[in-house]
Amino acid sequence: MKAAVTIPVTVKCRIGVDEQDPELALDALADGVFAAGADALWVHARKAWLEGLSPRKIANIPPLDYERVYRLKARKLHKFIGINGGIKSLEEALHHLDHVDGAMLGRAAYHTPGILAGVDVTFYHGKAAAFDFAALVDAMGDYAAHHIERGGRSVMSRAIWSACSMG
Ligand SMILES: Cc1cc2nc3c(=O)[nH]c(=O)nc-3n(C[C@H](O)[C@H](O)[C@H](O)COP(=O)(O)O)c2cc1C
């Protein structure tokens, strides 16, 4: 992949799979991907239990182990290590940045996109975003119409609902 593209190549992983020992498995994976030239490793701080759990349960049931990701960063001081999993607010994300290089929000961004309005002010000393929520919902409506016209799926209704609930 590095040879084929000029953009950064990043890898996302969990701390281990099934019976693996995360202390060994995560270091081995990190060493491998950085040796292959990856520019960043994003770690979802829980194991992937592939045996016996549905995709939905696997997102919640294995316990989070942020400390394991922090230990990886301490070992890989000169590599970009980002953390993901269960981060619900920008304040939590900020706390993680004491230990790692980046924090990734998945479901929090999906379910409560309005919290992203605080990113500039929280992380980049920027100004608080001033949103006109009515205009935002209108724009989402136009976007959804265009998306559906092109054969997009009804997942748009959830995005619009999220936008409405921000106001
Ligand atoms: C609807 C949905 C779609 C996702 N799609 C991807 C994906 O395409 N690639 C990926 O690496 N992770 C994907 N994930 C996993 C998230 O990136 C993230 O690792 C996971 O939700 C844990 O973070 P969270 O607790 O902040 O949500 C998805 C999660 C959700 C809820």
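Every number for a ligand or one of its atoms is a count from 1 in the order of the listing.
Atom 14 (N) of ligand 1 lies below 4.0 Å from none of the non-hydrogen atoms of the protein. Distance remark: protein heavy atom not present below 4.0 angstrom from atom 5 (N) of ligand 1. Remark: atom 28 (C) of ligand 1 lies closer than 4.0 Å to no protein heavy atom. Put simply, atom 22 (C) of ligand 1 has protein non-hydrogen atoms near it, under 4.0 Å away. By the definition of a contact as any protein heavy atom under 4.0 Å away, atom 31 (C) of ligand 1 is in contact.
In terms of polar-atom proximity, defined here as any N/O pair under 3.5 Å, M104 makes no such contact with ligand 1. The shortest N or O to N or O distance between Y110 and ligand 1 is not under 3.5 Å. Note: no N/O pair closer than 3.5 Å links R46 and ligand 1 by distance alone.
With hydrogens and angles ignored, the 3.5 Å screen pairs a side-chain donor or acceptor of Y66 with a backbone N or O of G85. With hydrogens and angles ignored, the 3.5 Å screen pairs no side-chain donor or acceptor of K73 with any backbone N or O of H99. Between the side chain of S89 and the backbone N or O of E92 there is at least one donor-acceptor pair closer than 3.5 Å. Under the 3.5 Å distance criterion, the side-chain polar atoms of D18 are matched with a main-chain donor or acceptor of L50. A side-chain donor-acceptor contact under 3.5 Å links K47 to the backbone of Q20.
Salt bridge annotation for K2-D39: present, with a cationic side-chain nitrogen under 4.0 angstrom from a carboxylate oxygen. R68 and D27 are joined by a salt bridge, as a carboxylate oxygen and a charged side-chain nitrogen come within less than 4.0 angstrom of each other.
The side chain of H44, and not its backbone, has at least one atom closer than 4.0 Å to an atom of ligand 1 (non-hydrogen atoms only; side chain from C-beta on).
Annotation: atom 11 (O) of ligand 1 to nearest protein heavy atom, K12 NZ, 2.9 Å. From the protein, the heavy atom lying nearest to atom 26 (O) of ligand 1 is G106 N, 2.8 Å. Among all protein heavy atoms, the one lying closest to atom 18 (C) of ligand 1 is N84 OD1, 3.2 Å.
H96 and Y70 share a donor-acceptor pair across their side chains, judged by distance under 3.5 Å alone. Side-chain contact annotation: R14 with N84, donor-acceptor N/O pair under 3.5 Å absent.
Per-residue contacts place G86 under 4.0 angstrom from the following atoms of ligand 1 (heavy atoms of the residue considered): 24 (P), 25 (O), 26 (O). Every atom of ligand 1 is numbered from 1 in the order shown, and the set under 4.0 Å from a heavy atom of R107 is 21 (O), 22 (C), 24 (P), 25 (O), 26 (O), 27 (O), 31 (C).
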Evaluate the salt bridge (charged side-chain N to carboxylate O under 4.0 Å, His left out) criterion for residues D101 and K76: first the C-alpha distance (whole Å), next the side-chain angles of each, then the deciding distance (0.1 Å), finally the verdict.
-> CA-CA 11 Å; D101 304 301; K76 293 269 178 216; over 6 Å; no
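Using a 4.0 angstrom heavy-atom cutoff, G85 counts as in contact with ligand 1.
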